[in-house]
Amino acid sequence: MAFIVVFISTFMFSLTWQFNQFVLLIQALVLFILDCADLIPATKVTRLYLIQVICLLVVCLLQFVNTMILGSLLLSFVLAAVLMRRLQKRYKGRNPVRRIWNLTIHVVLVLCLTVFINKITKNALNLQSDEHIFKFIQAKLGFGRTRDFDASLYLCEEAFRQLPFDTFERFSDTLLLYPYIFVLFILTLAAVTTIISNLRSPESNNTDKKEKRASFVKSDVAYNLIHTILFGCLALSTMRMKYLWTSHVCVFASFGLFSIEVWGIMLRCLRLYTPQRTSILRYSVSIFVIIYLLLKFWPRIMEELSELREFYDPDTVQLMNWIKLNTPNNAVFAGSMQLLAGVKLCTGRVLTNHPHYEDKPLRERTKQVYQIYAKRSPEDVHHILKSFGTDYVILEDSICYERRHGRGCRLRDLLDLDNGHIMDGPGDNDPDLKPSPSPRFCDEIKRDLPSYTKHFTRVFKNKTFHVYRLSRKAAVK
């Protein structure tokens with residue numbers, strides 16, 4: 001019954017989120033670590049691996065054979081882990097040094113085989129859907145500076161930078177950080193003690209005996225312990241991943257405060273353990289924390305609930321109303337991914353570039369459409385947009401004159417670097433960059449010069465947006 005519940009939840013999770021494979025990969029790594037540390041029977045690990053694989057393959061079929069799933073690291077890792085588990089004879093004796101050496105070889109072989117299988121799969125299926133993610137990871141890990149446009153879009157966003165230190169101040173202000181660190185410390189010691197004990201004792205094929213050996217920490221607790229550590233590493237390296245870690249921090253801290261195991265371990269270390277003391281301590285601490293949080297945050301919660309606000313963006317509303325009233329239903333619009341998502345939702349018009357970035361042709365198309373913010377001639381831009389069947393193009397001043405990011409991270413700078421042009425403004429430029437023969441399109445078009453008006457006619461304007469209709473006559477290159 002438990003495996004059925006795991007299958008259903010994994011399937012629904014995989015079906016509703018395109019990045020499911022990366023979170024499931026972390027889950028597979030946790031299971032692999034538990035298996036290597038003898039904290040969970042190998043048969044259970046294999047069944048959970050099988051559930052992950054079946055769910056992903058079913059989702060692949062339901063998503064019209066989404067080849068990105070077939071080339072995922074998760075499938076490659078699971079296949080490598082299962083194969084090496086079957087092929088490699090693991091040492092089961094009492095010598096801990098030999099067992100550690102054997103496990104080290106096992107881990108290295110699994111990782112190498114994972115990379116090999118993934119490369120073979122992607123080459124065989126000609127998959128490039130997620131290559132920008134790996135370029136982003138390489139840059140985050142410090143393996144050289146990248147000029148790749150797609151990877152730079154992520155690297156320049158604040159959400160993909162390192163976790164700011166004030167996050168821990170907010171955690172401590174809500175009384176979350178201290179219980180979490182306390183529980184993490186206690187359970188890490190218990191898990192390390194259990195692993196050392198397992199390495200010193202001969203491995204048994206008997207499932208019952210194997211589960212009984214992990215006496216200091218249960219397998220479900222060890223699973224969540226490793227999960228929260230891996231989520232924490234993700235959050236520290238990339239702030240956007242904080243949403244995975246924060247929820248796990250809350251669950252982990254609350255479990256520890258109310259857990260017999262945690263308080264029992266601590267009292268045993270102090271030689272004060274009795275069942276009565278354990279119960280009194282865990283109930284007292286939990287009640288104290290609840291009362292403290294209520295007294296401190298209840299007024300703030302009531303104040304926030306009493307504030308009634310609504311979204312107000314008159315320029316965007318005016319643009320959407322104009323599109324609905326003044327353009328044909330089959331009109332094709334070009335612009336930024338974020339804005340076009342709103343155009344599709346509010347007006348139902350056709351888009352040149354859908355904001356689904358896990359597809360190489362769509363990424364290439366988006367970069368081409370974004371040439372409206374680069375230093376390109378009107379003939380070039382008209383030719384590019386017409387090749388996608390564009391009828392209208394929407395220019396945003398917030399992108400053309402962006403100040404939110406620093407030099408080198410503005411969208412126009414990323415386009416200049418990709419095109420080999422010198423960036424605007426004071427600052428250093430790479431020696432291979434050259435001045436552009438054309439001015440910036442999004443700025444120059446507003447001067448209504450003949451070279452621009454013969455290709456583009458302005459049909460709408462407000463403080464934020466400028467809409468131009470493309471001429472039907474093809475541009476001459």
Side-chain angles (χ1 to χ4, degrees), residues 2-3 5-7 9-10 13 21-53 55 73-88 90-92 96 99-111 113-114 183-234 244-245 248 251-252 255-256 259 261-262 265:
F3 285 107
V5 173
V6 172
F7 175 83
S9 60
T10 303
F13 173 72
Q21 54 175 292
F22 299 104
V23 177
L24 292 179
L25 175 62
I26 293 177
Q27 185 185 66
L29 287 172
V30 173
L31 294 172
F32 178 72
I33 294 171
L34 291 175
D35 181 28
C36 292
D38 293 333
L39 293 175
I40 187 173
T43 53
K44 286 186 179 180
V45 174
T46 304
R47 289 174 185 173
L48 293 170
Y49 282 159
L50 185 61
I51 287 174
Q52 289 184 331
V53 171
C55 288
L73 274 176
L74 173 61
L75 291 181
S76 302
F77 176 78
V78 169
L79 182 59
V82 172
L83 282 175
M84 292 311 304
R85 180 75 183 183
R86 298 291 182 184
L87 297 177
Q88 185 186 13
R90 290 171 61 174
Y91 176 71
K92 301 180 180 181
R99 291 192 69 179
I100 292 173
W101 175 248
N102 185 266
L103 280 176
T104 303
I105 295 175
H106 178 71
V107 171
V108 172
L109 288 175
V110 168
L111 295 178
L113 186 58
T114 299
V183 175
L184 187 66
F185 177 74
I186 295 294
L187 292 181
T188 300
L189 287 180
V192 170
T193 305
T194 301
I195 293 171
I196 293 174
S197 175
N198 289 347
L199 289 174
R200 287 179 175 177
S201 61
E203 188 175 333
S204 174
N205 292 324
N206 188 297
T207 301
D208 294 332
K209 290 182 179 179
K210 193 170 184 178
E211 289 184 335
K212 287 180 180 178
R213 287 193 308 171
S215 56
F216 297 102
V217 62
K218 294 181 180 179
S219 56
D220 55 349
V221 176
Y223 170 84
N224 283 283
L225 172 65
I226 301 173
H227 236 310
T228 196
I229 292 173
L230 293 182
F231 279 160
C233 293
L234 270 180
L244 290 173
W245 185 49
H248 214 272
V251 173
F252 203 73
F255 157 78
S259 170
E261 289 88 350
V262 172
I265 292 171

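For this chain, numbers begin at 1 and follow the sequence in order.
- Annotation: the span from Leu103 atom CG to Asp35 atom CG amounts to 9.0 Å, rounded to 0.5 Å.
- Rounded to the nearest 0.5 angstrom, Thr114 OG1 and Leu109 CG are separated by 10.5 Å.
- In this structure, Leu111 CG and Phe77 CZ are separated by 7.0 Å, a value rounded to the nearest 0.5 Å.
- The distance from atom CG of Leu74 to atom OH of Tyr49, rounded to the nearest 0.5 Å, is 9.5 Å.
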Q. Does the pair Leu34 and Val45 meet the rule for a side chain to side chain contact (heavy atoms under 4.5 Å, CB included), with working shown?
A. CA-CA 9 Å; Leu34 291 175; Val45 174; 5.6 Å; no

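- Contact annotation: the side chain of Leu79 never approaches that of Leu75 to less than 4.5 Å [non-hydrogen atoms, C-beta and beyond].
- Rounding to the nearest 0.5 Å gives a distance of 6.5 Å between NZ of Lys44 and CZ of Phe3.
- Ile100 contributes atom CD1, which lies 12.5 Å from atom SG of Cys36 (distance to the nearest 0.5 angstrom).
- No donor-acceptor pair closer than 3.5 Å links the side chain of Thr10 to the backbone N or O of Phe7.
- A 4.5 Å side-chain heavy-atom check between Phe22 and Leu73 finds every atom pair outside the cut-off.
- Between Val110 and His106 there is a side-chain heavy-atom pair separated by less than 4.5 Å.
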Sequence neighbours excluded and cut-off under 3.5 Å, please list the side-chain donor-acceptor pairs for residues 221-233, or say none.
unit_1 : atom_1 : unit_2 : atom_2 : d
Tyr223 : OH     : Gln27  : NE2    : 3.1
Tyr223 : OH     : His227 : NE2    : 3.2
Asn224 : ND2    : Asp220 : O      : 3.0
Thr228 : OG1    : Tyr180 : OH     : 2.8

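- Residues Phe252 and Trp245 fail the side-chain proximity criterion, which asks for heavy atoms closer than 4.5 Å.
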